[in-house]
2 protein chains.
Amino acid sequence: MKEREENLPVCEHDEVHAEHVSLARAAMPCEETLYELADFFKIFGDSTRISILFAIDGEPMCVCDIAELLGMTKSAVSHQLKILRQSDLVRYKKSGKNVYYSLADDHVRDIIEKALDHIKE
Amino acid sequence: MKEREENLPVCEHDEVHAEHVSLARAAMPCEETLYELADFFKIFGDSTRISILFAIDGEPMCVCDIAELLGMTKSAVSHQLKILRQSDLVRYKKSGKNVYYSLADDHVRDIIEKALDHIKE
DNA sequence: CAAACGGTTGAATAATCGTTCAACCGTTAT
DNA sequence: ATAACGGTTGAACGATTATTCAACCGTTTG
């Protein structure tokens, strides 16, 4: 029977769906993992940062040259590099007045490669 | 006090760096690809959408049940489902009053799996 | 038929995010 | 020491974006 009063704004779930929901909930990762995943993907969700990652793939590059390559200010590039740094996606090495950035590991390449596969479908 | 007597605000690149920039530029994907990549990752860069993808992994689910599972309104879920639909990340099948959503293909699973690897390091 | 439900949609609001601008720091050279 | 350069940073602005709210559509049921 109907267990709830009327004027409930949300839909009433019958037994089958409730079971369905329970099963799905049990298979879900914890909330923290979901946020970490989203935050991780958010990093790649900007064309400037993607461009930077491609730029420093291969040889390390200094901020000034990245800025010139992308046609952006050093400030804008530095801001994005900070985000990439905080996410451990890039490494840097100081040399005199310059700071040279490179990819942190091959993991980054793998993920972008997978995404390229999907786009090129 | 800062004054600008010389009028070159950007740094002057010597020959070595200019060559470096040229090489990096030649290895870069075209601009359109960079935008497509960023847009693709942007989809995953939201915890609600990530949650939805996990929810419909396994068995297909209707909007109402997804909304209950995530503790959100049907409207909010539907808006996000539209984005996932437009990106071909999910499929849907109408059945009576319900619309059942499921993952479009295994590609989605692969990419999330890769990201999980990186997070769990 | 009309009411009820699942689902979608557009406009509005609030929060998030990227770039610009100006100032600043450390290193190198004058 | 002073100036110039590469790089970083914080605040402010503009753009983007997720959620809410209200209205609406199609299907099923009474």
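Letters A, B, ... are given to chains in the order of the sequence lines, protein chains preceding strands, and every chain is numbered from 1.
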Participant: Got B/Val90 and B/Leu53 here, is their nearest side-chain heavy-atom distance under 4.5 Å?
Facilitator: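 When only atoms from C-beta onward are counted, B/Leu53 and B/Val90 do touch, with a gap below 4.5 Å.
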
Participant: When the nearest nucleotide of DNA chain C is assigned to A/Thr73 and to A/Lys97 on a heavy-atom basis, which residue is associated with the more 5' position?
Facilitator: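 Closer to the 5' end of DNA chain C: A/Thr73.
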
Participant: To the nearest angstrom, how far is A/Lys42 atom NZ from D/dA18 atom C1'?
Facilitator: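 One finds 10 Å between C1' of D/dA18 and NZ of A/Lys42, rounded.
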
Participant: In whole Å, I'd like the distance from the CG atom of B/Leu84 to the P atom of C/dT8.
Facilitator: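 B/Leu84 atom CG is separated from C/dT8 atom P by 12 Å.
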
Participant: Just verifying a value: how many Å separate A/Leu70 CG and A/Met61 CE, rounded to the nearest 0.5 Å?
Facilitator: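 Between A/Leu70 CG and A/Met61 CE, I get 8.0 Å after rounding to 0.5 Å.
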
Participant: Nearest 0.5 Å, what's the OH-CD1 distance between B/Tyr101 and B/Ile52?
Facilitator: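 These two atoms lie 9.5 Å from each other.
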
Participant: If you round to the nearest 0.5 Å, how far is CE of B/Met28 from OG1 of B/Thr33?
Facilitator: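 Nearest 0.5 Å value for the OG1-CE distance: 10.5 Å.
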
Participant: Does A/Arg49 reach the main-chain N or O of A/Phe44 with its side chain, forming a donor-acceptor pair under 3.5 Å?
Facilitator: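 Here the side-chain-to-backbone pair does not exist.
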
Participant: Look at the side chain of A/Asp46 and decide which nucleotide, out of C/dG18, D/dT8, C/dT8, has an atom nearest to it.
Facilitator: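 From the listed options, C/dG18 comes nearest.
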
Participant: Measure the distance from CD1 on B/Ile83 to P on D/dT16 and round it to the nearest whole Å.
Facilitator: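 Interatomic distance, CD1 of B/Ile83 to P of D/dT16: 15 Å.
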
Participant: Can you measure B/Tyr92 atom OH to C/dG6 atom C1' for me and round it to whole angstrom units?
Facilitator: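 Distance, rounded to whole Å: 15 Å.
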
Participant: How close or far is atom P of C/dG7 from atom CE of B/Met72, stated in whole angstroms?
Facilitator: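 It works out to 15 Å between those atoms.
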
Participant: Using atom CD of A/Glu68 as one end and atom P of D/dC5 as the other, report the distance to the nearest whole Å.
Facilitator: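 The answer, rounded to whole Å, is 16 Å.
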
Participant: Considering only heavy atoms and no angle criterion, is a donor-acceptor pair shorter than 3.5 Å present between the side chain of A/Ser75 and the base of D/dT9?
Facilitator: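 Answer yes: a donor N or O sits under 3.5 Å from an acceptor.
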
Participant: Taking OP1 and OP2 of C/dT19, is either one under 4.0 Å from a side-chain nitrogen or oxygen of A/Lys82?
Facilitator: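 A/Lys82 to C/dT19 OP1/OP2: no side-chain N or O under 4.0 Å.
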
Participant: Test for a donor-acceptor pair under 3.5 Å between the base of D/dG7 and the side chain of A/His79, counting only N and O atoms.
Facilitator: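 Looking at the base of D/dG7, it does not pair with any donor or acceptor on the side chain of A/His79 (distance under 3.5 Å).
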
Participant: Using atom CG of A/Asn98 as one end and atom C1' of D/dT8 as the other, report the distance to the nearest whole Å.
Facilitator: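 These atoms are roughly 14 Å apart.
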
Participant: Checking contacts here: which listed nucleotide (C/dG7, D/dG7, C/dG18) is nearest the side-chain heavy atoms of A/Cys62?
Facilitator: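 Nearest to the side chain of A/Cys62 among the choices is D/dG7.
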
Participant: Under 4.0 Å between a side-chain N/O of A/Gln80 and OP1 or OP2 of C/dC17, yes or no?
Facilitator: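 Indeed not, no polar side-chain atom of A/Gln80 lies that close.
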
Participant: Please report, rounded to the nearest Å, how far the P atom of C/dG18 is from the OH atom of B/Tyr35.
Facilitator: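 Taking OH of B/Tyr35 and P of C/dG18, I get 13 Å after rounding.
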
Participant: Scan B/Tyr101 against the nucleic acid and name what it touches under 4.0 Å (heavy atoms): base, sugar-phosphate only, or nothing.
Facilitator: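 B/Tyr101: backbone/sugar contact only, no base atoms under 4.0 Å.
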
